Amino acid sequence: MREAPPVLTEFHIGIDDTDSRLAGCTTYTAALLFQELVSQGFKPLDFPWLVRLNPNIPWKTRGNGALSLHLSMEDGRLEEVKKIAVAAVERTSDLNQRATDPAVVFLKGLISNSLREFSARALHDILSVREARQIAKDAGAEAHLLKGSRGLVGALASVGADLDHDHTFEIIAYRTHEYIRSVRKVSQNSVRLMNEMYQGSTFNNVDPETGRILICPHGPDPVLFGIRGENPVVLTEAFNQVDVGEPIERVMIFKTNQGTDAHLNCPRTVQALRPYQSAIIAGKVGDAPRRIRGGHVIFGTIDETGTIDCAAYSTTGDVRDIALQLIPGDSVAVSGGIRPRPLGELTLNIERLKVTRLVDAIRWENPPCSKCGARCESMGKGQGFRCRRCKLRFPRTIRIRKLDGRTIRLGEYLPPPRAHRHLTKPACRYGISLPRSPEKHNLATKQTLESLVLIPRAA
Ligand code: ATP
């Protein structure tokens, strides 16, 4: 008699908070673990997920990234996988730093709706560890915490993330240990060339205004460079165009919510805003924009519940320039992070500015004297006019209404790529129709997953 095929179960692993500003990177932990599991015969259901969460969390290390792996496997091997995963996290965590609280979450079976909802909120809210514990308990997830418990929020949220709809990919090359503290040896010319060749299918390689290379981080983490784009196969081709002058320890492709604006899909009212949320406020410009020290621009946005100061920093380029041209009464949708100021008031730091309606820019001119034609002078605030020469007086109602032409256009304005957050949807991705077709996704997954996860690369 033939043996019955083994019953396979979905098994999910979430990881977060393994790194510090001085060492490590949670993507590296996930790459290492993924490659170890694949080399031991475990079957991934997808690329590892690099899930960026609320970028306004004050205690994040860099880009608030959490990672999850998704496998299909026999129940009998679950304990083995857990052991491998915990060992990989222990090996790669920077436990010496106070703020590093590594967490690994294991979840067998389908993702519950409450976990999905928790993950969605982790993109734009601050969530408590207490809630994370409850969600983990309800979902039947097992948590392994190496130190404190803060990492649980991100580890759990990455498991329940929604990457079925919009998503992108990033191919990341990691450095060998000996090179970690040296300047990254990546040929800038080859990156520029790669950028030209793969424009449209990759994004944020080079800042167009300054020519700055954006694919290399600058800190002491193990990432040598990462290329972001739409398709894993094209990303490997782009990757092979980059000339590198140091050994590459490993390469991994991640499926990710980077470049999707996933954190900016939550319209809120001014009254409901809380510190460190990501939010969209639709309203009217209240106070006229003012320029402050450093070249930043501040203006008030009013909705039916209140007013909030919105800040367009000088680094936001176009966004700052457009903000300066707004006038009271214009309609806008401002998206960004909510920051508390010292006295408790809130400011929205603009990441995306949509101008939806422009009012007429009206200028009032003093009338000419009806006798001599000279320009009259005002007799004071709210008063009428008088001609200096003829001494004639005129009522205020005869002042002349002029319309100033406005150069600003309706539309959506973004900062330049050098000022983007990981989640910012770049201009080149606007118009990419969503959701993606499932066939396309499956094809990319089936054909490339096995061959791409362990890309050999000579130094
Ligand atoms: P890197 O991007 O370099 O991997 P990071 O910027 O992701 O680092 P972490 O070291 O992971 O920073 O720290 C972020 C911490 O914030 C984690 O402990 C995570 O669990 C927690 N966290 C993430 N999102 C939220 C959220 N929405 N609410 C509360 N805590 C969160």
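Just so you know, these numbers use all the heavy atoms, side chains as well, and skip hydrogens, waters and symmetry mates. Owing to the predicted nature of the structure, the values given are computational and were not obtained by experimental measurement. Atoms within each ligand, like the ligands themselves, are counted from 1 in listed order.
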Exercise for review: Answer yes if the ring centres of F225 and F239 are under 6.0 angstrom apart, and no otherwise.
Suggested key: yes
Check your understanding: Against heavy atoms of T26, which atoms of ligand 1 measure under 4.0 Å?
Key -> 4 (O)
Exercise for review: Heavy-atom contacts with I126 under 4.0 Å: which atoms of ligand 1 show up? List them by number with element.
Suggested key: 28 (N)
Review point. Which atoms of ligand 1 have any heavy atom of G154 under 4.0 Å away?
Key: 19 (C), 20 (O)
Exercise for review: Flag the pair F254 / F169 as yes when their ring centroid distance falls below 6.0 Å, and as no otherwise.
Suggested key: no
Point to revise | Residue portion contacting ligand 1 (non-hydrogen atoms closer than 4.0 Å) for N64 | key: both
Check your understanding: Judged by non-hydrogen atoms, does D16 sit under 4.0 Å from ligand 1?
Key -> yes
Point to revise | N or O pair under 3.5 Å between L127 and ligand 1 | key: yes
**Study point:** Lys/Arg cation over aromatic Y179: K185, 6.0 Å, 45° cone
**Key:** no
**Study point:** Sole candidate of R228, E170, R421 that passes side-chain hydrogen bond (donor to acceptor under 3.5 Å, both in side chains) when paired with Q258
**Key:** E170
Review point. Can you list the ligand 1 atoms lying under 4.0 Å from a non-hydrogen atom of D125?
Key: 26 (C), 27 (N), 28 (N)
Practice item. Have a look at ligand 1 and work out which part of R52, if any, has a heavy atom under 4.0 Å from it: side chain, backbone, both or neither. Key: side chain
Point to revise | Geometric cation-pi criterion, R320 with Y313: 6.0 Å, 45° | key: no
Review point. Parallel, tilted or perpendicular: which describes the rings of H70 and H12, with under 30° parallel and over 60° perpendicular?
Key: perpendicular
Review point. Can you list the atoms of ligand 1 that are under 4.0 Å from a heavy atom of R150?
Key: 18 (O), 19 (C), 20 (O)
Check your understanding: Going by heavy atoms, is H124 under 4.0 Å from ligand 1?
Key -> no
**Study point:** Salt bridge flag under 4.0 Å for residues K255 and D166
**Key:** no
Point to revise | For G63, the ligand 1 atoms whose distance to one of its heavy atoms is below 4.0 Å | key: 2 (O), 6 (O)
Exercise for review: Given side chain to side chain contact (heavy atoms under 4.5 Å, CB included), test V332 with T356 step by step and report yes or no.
Suggested key: CA-CA 5 Å; V332 290; T356 51; 5.6 Å; no
Check your understanding: Is there a nitrogen or oxygen of C25 sitting under 3.5 Å from a nitrogen or oxygen of ligand 1?
Key -> no
Point to revise | 4.0 Å heavy-atom contact, G151 with ligand 1 | key: yes
**Study point:** I57, N54, T27, I15: member with heavy atom nearest to atom 25 (C) of ligand 1
**Key:** I57
Check your understanding: What atoms in ligand 1 come closer than 4.0 Å to a heavy atom of L53?
Key -> 23 (C), 24 (N)
Check your understanding: Under 3.5 Å, is there a donor-acceptor pair between the side chain of S190 and the main chain of D243?
Key -> yes
Review point. Under 3.5 Å, side chain of H167 to main-chain N/O of L163, donor-acceptor pair present?
Key: yes
